[in-house]
Asker: 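Can you keep this structure in mind? I'll have questions shortly.
Residue numbers start from 1 in every chain, and the chains themselves are labelled A, B, ... in the order their sequence lines are given, proteins ahead of strands.
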There are 2 protein chains.
Amino acid sequence: MTRETASPQLQAIKVACSNCNLRELCMPVGLEEQQLKRLDEIVAMRRKVKRGGTLFRNGEPFTSLFAIRTGFFKTCVATEDGRDQVTGFQMAGEIIGLDGIVNDHHTCDAVALEDAEVCVMPFDRIEELSREVTALQTHVHKIMSREIVREHGVMLLLGSMRADERLAAFLLNLVQRLHTRGFSQSELVLRMTREEIGSYLGLKLETVSRTFSKFVEDGIVEVKQRHVRIVDTAALKRIVNSQQACH
Amino acid sequence: MTRETASPQLQAIKVACSNCNLRELCMPVGLEEQQLKRLDEIVAMRRKVKRGGTLFRNGEPFTSLFAIRTGFFKTCVATEDGRDQVTGFQMAGEIIGLDGIVNDHHTCDAVALEDAEVCVMPFDRIEELSREVTALQTHVHKIMSREIVREHGVMLLLGSMRADERLAAFLLNLVQRLHTRGFSQSELVLRMTREEIGSYLGLKLETVSRTFSKFVEDGIVEVKQRHVRIVDTAALKRIVNSQQACH
DNA sequence: CGTCAAATTGACAGCACTCAACGCCGGTGG
DNA sequence: CCACCGGCGTTGAGTGCTGTCAATTTGACG
């Protein structure tokens, strides 16, 4: 098992942002030809990460943000005493590594859940260019703000939802993001284990499994290992904001 | 009770960042005289918010970030079905409003827990100036990254800690931030109710109260309403990373 | 002194955790 | 080809932490 590549696989940049099919996901839109060309300067290179390998680790020096081209990542923080928490799952078109900016070193691990490829964007180059290209500056700010808002949502989930509400919200979020990328609205393949889902949702893996089973019993989803088919999206949405309304 | 001022109290800027005693908390450090002067352009005005009043609300258009000069805020998100979650408590020198950048409107409420005054910093002005002053650009990025990292910590807390661990972590964080601002390392006055603490920590107010009582029994803290004296800081730290180590 | 919000405390219940056994599936080696 | 293995997932039984509901106390304020 190659858990990690001692010398990460790098390759010279061949495909430019200007004609990348994921551009509208990770780059600003509505740019003029000239500005678009300049964006190509941002991506220094590509880097491949094998399943199970890490893009970066807690404590490593921060130099670059990464735009995911293909594959699927999780980010997780850990305490000295072995406790750890998945803080997010990232897929193609999403930006990863923002945590490293504040202290010039990363504060979480980014692990590939399937073979992945990322665009390496040196942060000093991003800062330099965003001083000249206003649209890029705005875009960087929005990406960071979006991450803050996303985490607010996770805090709401972790702080005030029951297990079934958490899992329902998780599935809806995942399938919605996949749909944006051209996948089905109702079918998805989970790239993470039950334990990783549980860590993200603040639940134990058994609870995740049980909750899946309950959804199956209720005819809301069909589950076959990591293949999930959402049969009744409306029911999931009802669960998310049910608040277990009593009285 | 003035819950909110229909026309917010505004006042022309008198005191400049360049000689503000909170500057090292909310502004970049190590600037030259000339750049320091330019920072003064950022703060458009001051705004007072009474206890219980809102600085901004979910849905309101976003125009500015706010630097807290005096007072104490909470930010909270809510769902349609009445569930809500305190996402953070902010004190003097901290920046508030970052959530609004991504969609040009705020996605949470900012409520003053005591009479407060903030510096209003129009975001377009921040963006404009940070294109010219590199230190400001970097600073803005670091502030947003810091917020992301902070929220990672909250997610870890909400996702994997027991009630006493959460409260211990909360107290230590609060007293540490107050200490940075020149207050005691061991004494603090809570500006928020048990319910607000509970909302932040993902607990019910009764659990917060009970956990306080347990700490008092164990001789770790002294509590008299909102006055808290930390008697045994080491014990609190032990609780935070106890992980309830078994075996 | 009366009022009301906030906080405390008790009794009880329930949801999620713990511990454990078992099943499924892909990989590996004989 | 098949048996074995290990990781992952499911399910069951029992426990306990935290939530729920309710009564009471405290303290601030008019």
Asker: Using side-chain heavy atoms (C-beta onward) and a distance below 4.5 Å, is Ile239(B) in contact with Ile220(B)?
Answerer: yes

Asker: So what is the end-to-end bend of the helix from dC1(C)-dG30(D) to dG30(C)-dC1(D), with 5 pairs used at each end and the value given to 10 degrees?
Answerer: 30°

Asker: Quickly work out the Leu203(A) CG to dC17(D) C1' distance and round it to whole Å.
Answerer: 15 Å

Asker: Between Thr54(B) and His106(B), is any pair of side-chain heavy atoms under 4.5 Å apart?
Answerer: no

Asker: Dump the pairs, protein N or O against N or O of nucleotides 8-10 of chain D, anything under 3.5 Å, distances to one decimal.
Answerer:
unit_1, atom_1, unit_2, atom_2, d
dG9(D), OP1, Arg226(A), NE, 3.1
dG9(D), OP2, Arg194(A), N, 2.9
dT10(D), OP1, Arg194(A), NH2, 3.2
dT10(D), OP2, Arg194(A), NE, 2.8
dT10(D), OP2, Ser209(A), OG, 2.7
dT10(D), O5', Ser209(A), OG, 3.1

Asker: Return the orientation label for the Phe56(A) and Phe66(A) ring planes: parallel under 30°, perpendicular over 60°, tilted otherwise.
Answerer: parallel

Asker: Could you tell me how far apart Leu201(A) (CG) and dC15(C) (P) are, to the nearest whole angstrom?
Answerer: 18 Å

Asker: What's the CD-P distance between Glu165(B) and dC17(D), to the nearest Å?
Answerer: 12 Å

Asker: Are Lys214(A) and Glu217(A) ion-paired here, with the side-chain N under 4.0 Å from a carboxylate O?
Answerer: no

Asker: Rounded to whole Å, please give me the gap between CZ in Arg83(B) and P in dG19(D).
Answerer: 14 Å

Asker: Within this structure, what is the NZ-to-P distance between Lys214(A) and dG12(D), rounded to whole angstrom?
Answerer: 15 Å

Asker: Other residues, nucleotides and ligands only: do more than 12 of their heavy atoms fall within 6.0 Å of CD on Glu187(B)?
Answerer: yes

Asker: Picking from dT18(D), dG27(D), dA16(C), which would you name as closest to the side chain of Lys224(B)?
Answerer: dG27(D)

Asker: Mark yes or no for whether Arg166(A), through its side chain, and Leu201(A), through its backbone, hold a donor-acceptor pair below 3.5 Å.
Answerer: yes

Asker: Gly202(B) near the nucleic acid: base, sugar-phosphate alone, or nothing, with a heavy-atom cut-off under 4.0 Å?
Answerer: sugar-phosphate

Asker: Quickly work out the Lys204(B) NZ to dA16(C) P distance and round it to whole Å.
Answerer: 13 Å

Asker: Which whole-number value in Å describes the distance from Leu158(A) CG to dT18(D) P?
Answerer: 15 Å

Asker: To the nearest 0.5 angstrom, please state how far the CD atom of Glu206(A) sits from the CD atom of Glu195(A).
Answerer: 9.0 Å

Asker: Could you state the CD-P distance from Glu196(A) to dG7(D), rounded to the nearest angstrom?
Answerer: 14 Å

Asker: Is there side-chain contact between Glu114(A) and Thr70(A), with heavy atoms separated by less than 4.5 Å?
Answerer: no

Asker: Salt bridge or not between Arg146(B) and Glu94(B)? Use side-chain N to carboxylate O under 4.0 Å.
Answerer: no

